[in-house]
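One structure is given here, and the rest of the page talks about it.
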Amino acid sequence: DNHGGHLPTRLKGLDKALCGGIPFGVLTELVGPAGIGKTQFCMKLSLLASLPTSCGGLNGRVIYIDVESKLTSRRIIEIGTESLPEIFQIKGMAQEMAGRILVLRPASLHEFTESLQQIKVSIFQHQVKLLVIDSMAAVVSRDYGHAALRQHSLGWHISFIKSLAELSRIPVVVTNQVRSQSRDEACHYSFQAQSRGKATEVPAGYDSHLVAALGIHWAHAVTIRLVLEAKSGERFIKLAKSPISPPLAFPFTITSSGISL
Ligand code: ATP
Ligand code: MG
C-alpha cells in the first residue's frame, strides 16, 4: 500500500514497472558499488521532488541526509540546467530549486539519531515531499568500521524510518554501498540486456545472496530495492524487489544532465 502517490523518476521503463515512480509511504533502497550512481540518482530525485507541480514535480522541500558529504548544489544545478533547460533558464529558478533541498550532515551515529527525531517534526512543518538518506550503512561504518554493521543492527533506526515514511506518506529513499561482486557471483545472476532502453527479465532469486549491508531486519523493512551495477562497461539498474513488478533490468547512463535510461 503506497497511499496512492508516486515520485516519477522520469526513467520511463522504470516508472512504468513501478506504476508511476518511487512510491509514497514506504522505503525504497538503492544499492550498488562505489561510483555506480546512487548519489547521482538521489540528486535527480531531489530536483524532481522540488519542481513545481506544473512541471511534473511535487512542489515540496527535500531533506537530504548527506552522511559522506557527497552532495553539491553545483552538481544539482548542473543536472537541472541540462535536463530541464526550459525551467532552469527562468531567472532565480536554479537557486530556488536548490534552496528547497535541506542538507543535513550528521557527524556521528548519535547526531544521525537526533536528526531523525527532528525530521519527524520538520516533515509536517515544512512541506517536505522527499527524504533521502545517503547512505544508511555509512552512518555506522564510519564510526565503527564495516565489521560493526551487523552488531549495530540499527533496529531502532530502521523501525523509526519506516514509521516516518508511513506517517508522513512521502517517499523515503535510502542508499547503501555494497562491494562489487566477484566474477563468480556475477555469473549467478547474470542476465542479458537485449537492447538499450529495453527491459529484460532476470531470474527470480538472482539477488538472494546479495549481501544486505544492514542485515535481515533492514531487508524486510524495504519495499522497493533498486540494484545499480556495472557489467561489460554498461551500467544497469535492476528492480530487485517490488510488490508489483517482476525483476527487471534497465541499462542507464550518467551524463552532465544526470542519470538517464
Ligand atoms: P558511493 O557509494 O561512493 O557514494 P555512488 O554510487 O553514490 O558511489 P555517484 O557519486 O552517484 O556514485 O556516481 C559517481 C559517478 O557519476 C562517477 O563515476 C561519474 O561517472 C558520474 N558523474 C558524476 N558527475 C558527472 C558529470 N557531470 N557528468 C558525467 N558523469 C558524471
Ligand atoms: Mg554516493
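Bear in mind that the values here come from a model prediction, so they are computed numbers and not experimental data. First listed ligand is number 1; within each ligand, the first listed atom is number 1. Values reported hereafter were calculated over all heavy atoms of this structure, with side chains retained and with hydrogens, waters and symmetry mates removed.
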Check your understanding: Side chains of K238 and F250: closer than 4.5 Å at any heavy-atom pair?
Key -> no

Practice item. Test I65 against every option in L102, I119, D134 by the side chain to side chain contact (heavy atoms under 4.5 Å, CB included) rule and name the one that passes. Key: I119

Practice item. For atom 22 (N) of ligand 1, grab the closest protein heavy atom and report residue, atom and distance to one decimal in Å. Key: I254 CG2, 3.8 Å

Point to revise | Side-chain touch I79/S257, heavy atoms, less than 4.5 angstrom | key: no

Check your understanding: For ligand 1, is any non-hydrogen atom under 4.0 Å from K38's backbone (N, CA, C, O), its side chain (CB onward), both, or neither?
Key -> both

Exercise for review: For atom 24 (N) of ligand 1, grab the closest protein heavy atom and report residue, atom and distance to one decimal in Å.
Suggested key: R75 NE, 3.5 Å

**Study point:** Within-shell test, E78 vs ligand 1, heavy atom, strictly < 4.0 Å
**Key:** yes

Practice item. Enumerate the atoms of ligand 1 whose separation from the nearest heavy atom of G37 is less than 4.0 angstrom. Key: 5 (P), 6 (O), 9 (P), 11 (O), 12 (O), 13 (O)

Check your understanding: Do the side chain of K16 and the main chain of G21 share a donor and acceptor less than 3.5 angstrom apart?
Key -> no

Review point. With a 4.5 Å heavy-atom cut-off, do E82 and F88 have their side chains touching?
Key: no

Review point. Would one find an N, O or S atom of Q40, in either backbone or side chain, under 2.8 Å from the Mg ion (ligand 2)?
Key: no

Review point. Atom 23 (C) of ligand 1: which protein heavy atom is closest, and how many Å away?
Key: Q40 NE2, 3.4 Å

Practice item. Answer whether the closest heavy-atom distance between the side chains of Q125 and V121 falls below 4.5 Å. Key: yes

Practice item. Give the minimum heavy-atom separation between R10 and D15, together with the two atoms involved. Key: N-OD2, 2.9 Å

Point to revise | Cationic N near anionic O, under 4.0 Å, E229 to R235 | key: no

Exercise for review: Report yes if some heavy atom in the side chain of L45 is under 4.5 Å from a heavy atom in the side chain of V132; otherwise report no.
Suggested key: no

Practice item. Quick one: look up the protein heavy atom nearest atom 15 (C) of ligand 1 and list residue, atom name and how far away it is. Key: G35 O, 3.5 Å

**Study point:** ligand 1 versus T255: contacting region, heavy-atom distance under 4.0 Å
**Key:** backbone

Practice item. For ligand 1, indicate whether the residue A34 contacts it via side chain, backbone, both or neither (heavy-atom separation under 4.0 Å). Key: both

Check your understanding: Is the side chain of R61 donor-acceptor paired with the backbone N or O of Q127 at a distance under 3.5 Å, no angle test?
Key -> no

Check your understanding: Does ligand 1 have an atom under 4.0 Å from some heavy atom of P33?
Key -> yes

Exercise for review: Look at atom 10 (O) of ligand 1 and say which protein heavy atom is nearest, naming residue and atom and giving the distance to 0.1 Å.
Suggested key: T39 CB, 3.9 Å

Check your understanding: Does R235 have a non-hydrogen atom less than 4.0 Å from ligand 1?
Key -> yes

**Study point:** Closest approach of any protein heavy atom to atom 4 (O) of ligand 1, naming residue and atom
**Key:** K70 NZ, 2.9 Å

Point to revise | Proximity flag G32 to ligand 1, non-hydrogen atoms under 4.0 Å | key: no

